[in-house]
Amino acid sequence: MAGLVPPVTTTIPADASKTKKADEKIDYMNLPCPIPFEEIHREALMSLKPETFEGLRFDFTKGLNQKFSLSHSVSMGPTEIPSQSAETIKIPTSHYEFGANYIDPNLMLIGRVLTDGRLNARVKWDLTDNFTVKANAQLTNEPHMSHGMFNFDYKGKDYRSQFQIGNGALFGASYFQSVSPHLSLGGEVFWAGQHRKSGIGYAGRYETDKMVATGQVASTGMVALSYVQKVSEKVSLASDFMYNYMSKDVTASVGYDYILRQCRLRGKIDSNGCTTAFLEERLNMGLNFILSAEIDHKKKDYKFGFGLTVG
């Protein structure tokens with residue numbers, strides 16, 4: 001018995017069984033590049049601002065080769081005209097639009113011409129991996145309604161900057177900087193020489209794998225807030241709040257974005273009593289069916305449209 005060694009008892013601290021996850025050290029010299037300043041609300045806009053229409057729409061796109069394609073679009077439906085009365089006045093209209101598209105990895109050219117005389121053109125040219133030039137123009141038969149705009153975008157390691165110049169002595173600049181892996185802050189300035197107006201604005205965006213929250217305020221009186229919650233890979237819920245402290249106009253809305261295997265359904269309802277639903281269903285490869293509906297109880301305005309997209 002003397003040769004037996006008594007068992008050794010080890011005292012375990014109370015907190016030894018609790019595993020502590022060390023906080024990951026943030027490398028502020030290697031932050032991600034933010035999205036462009038003009039796109040900070042893009043997730044909310046996708047859910048809350050679908051391209052609704054009224055009447056019939058048919059779009060056909062024919063690819064001539066891997067880079068060049070032609071498009072044809074026909075639309076028929078009522079168009080609202082300005083009126084002094086509270087009732088909405090509509091007149092029947094129809095349009096045909098012809099388009100030509102050239103899409104290359106570094107160059108994109110898009111042109112559209114309508115039967116009413118309007119001509120739209122877009123150019124996007126990637127001069128380098130970090131520097132892009134964009135141009136937009138619209139020519140119309142109406143006097144003083146044609147306009148053009150040039151954008152010069154620079155993509156840095158953890159920031160984006162843009163300079164704009166347009167007709168009417170319009171100048172603008174914006175800067176957006178990542179300050180953490182999830183938070184980006186920035187601002188913009190503009191000067192409209194023709195109207196003798198200037199403004200400055202600030203914005204912030206917080207993004208994770210499950211949510212996106214943005215806020216924007218400008219000296220013009222605009223305050224815009226938006227929030228998107230990613231419930232799953234297929235379902236997103238969105239809300240926004242718009243306020244103009246000059247005119248005291250306030251609008252809030254909530255919406256959803258549901259992506260199924262064969263279709264995508266988006267809808268919203270806002271504080272003005274306007275309800276919107278937009279359905280895109282893929283019938284076959286290259287063939288999509290579209291349903292659009294909008295009900296404005298306040299204005300007693302009801303819109304319904306359906307369309308077909310081929311190509």
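Any value given below was found using the heavy atoms of this structure, including those in side chains, with hydrogens, waters and symmetry copies removed. Note that the numbering runs from 1 along the sequence shown for the chain.
Sparse packing is recorded around CD of Gln66, with 12 or fewer heavy atoms of other residues, nucleotides or ligands lying under 6.0 Å away. By the neighbour-count criterion of 12 heavy atoms within 6.0 Å, atom CH2 of Trp191 is densely surrounded, having more than that number from other residues, nucleotides or ligands. Heavy atoms from other residues, nucleotides or ligands lying under 6.0 Å from NZ of Lys155 number 12 at most. Shown here is Asp27, whose CG atom has more than 12 heavy atoms of other residues, nucleotides or ligands within 6.0 Å. Within 6.0 Å of atom CZ in Arg122, 12 or fewer heavy atoms from other residues, nucleotides or ligands are found, so the atom counts as exposed in its surroundings.
Between Glu280 and Arg266 there is a salt bridge, since at least one side-chain N of the basic residue sits less than 4.0 Å from a carboxylate O of the acidic one. Salt bridge status for Asp257 with Arg264: present, with a side-chain N to carboxylate O gap under 4.0 Å. A salt bridge does not link Arg118 with Glu97: every distance from a Lys NZ or Arg NE/NH1/NH2 to an Asp or Glu carboxylate oxygen is 4.0 Å or more. The residues Asp153 and Lys134 are annotated as salt-bridged, a charged nitrogen and a carboxylate oxygen being separated by less than 4.0 angstrom.
Formation of a donor-acceptor pair under 3.5 Å by the Ser292 side chain with backbone atoms of Phe53 is found in this model. Not a single donor-acceptor pair under 3.5 Å links the side chain of Asn244 to the backbone N or O of Lys248.
Between Phe289 and Phe306, the angle of the ring planes lies from 30° to 60°, which puts this pair in the tilted group. Aromatic ring pairs are classed by plane angle as parallel below 30°, tilted from 30° to 60° and perpendicular above 60°; the pair Phe60 and His72 is parallel.
The heavy-atom pair separating Ser239 from Val254 by the smallest distance is CB-CG1, 3.9 Å.
You'll find the ring centres of Tyr175 and Phe37 outside the 6.0 Å limit.
Gln162 and Glu38 are linked by a side-chain donor-acceptor pair at a separation below 3.5 angstrom, with hydrogens and angles left out of the test. There is no side-chain donor-acceptor pair under 3.5 Å between Ser71 and Thr61. Counting only N and O atoms by type, the side chains of His41 and Thr214 include a donor and acceptor under 3.5 Å apart. Using modelled atom types and a 3.5 Å distance limit, the side chains of Gln138 and Asn120 yield a donor-acceptor pair. Checking Ser247 against Asp249 by side-chain atom types alone, a donor-acceptor pair falls below 3.5 Å. Between the side chains of Asp270 and Thr251, no donor-acceptor pair is found at a separation under 3.5 Å.
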*asked:* Show, in sequence, the C-alpha distance, side-chain angles and deciding distance for Lys90 and Glu54, and conclude whether the salt bridge (charged side-chain N to carboxylate O under 4.0 Å, His left out) test is met.
replied: CA-CA 11 Å; Lys90 301 180 181 180; Glu54 186 175 10; 3.1 Å; yes

*Could you walk me through whether Ile35 and Arg42 pass the side-chain contact (heavy atoms from CB on, under 4.5 Å) test, one step at a time?*
CA-CA 10 Å; Ile35 66 174; Arg42 66 183 182 186; 3.4 Å; yes

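Contact check for Leu185 versus Tyr202: no side-chain heavy atoms found under the 4.5 Å cut-off.
Other residues sharing a hydrophobic cluster with Met108 under the 4.5 Å side-chain heavy-atom criterion for ILVMFWY residues are Ile103, Ile110.
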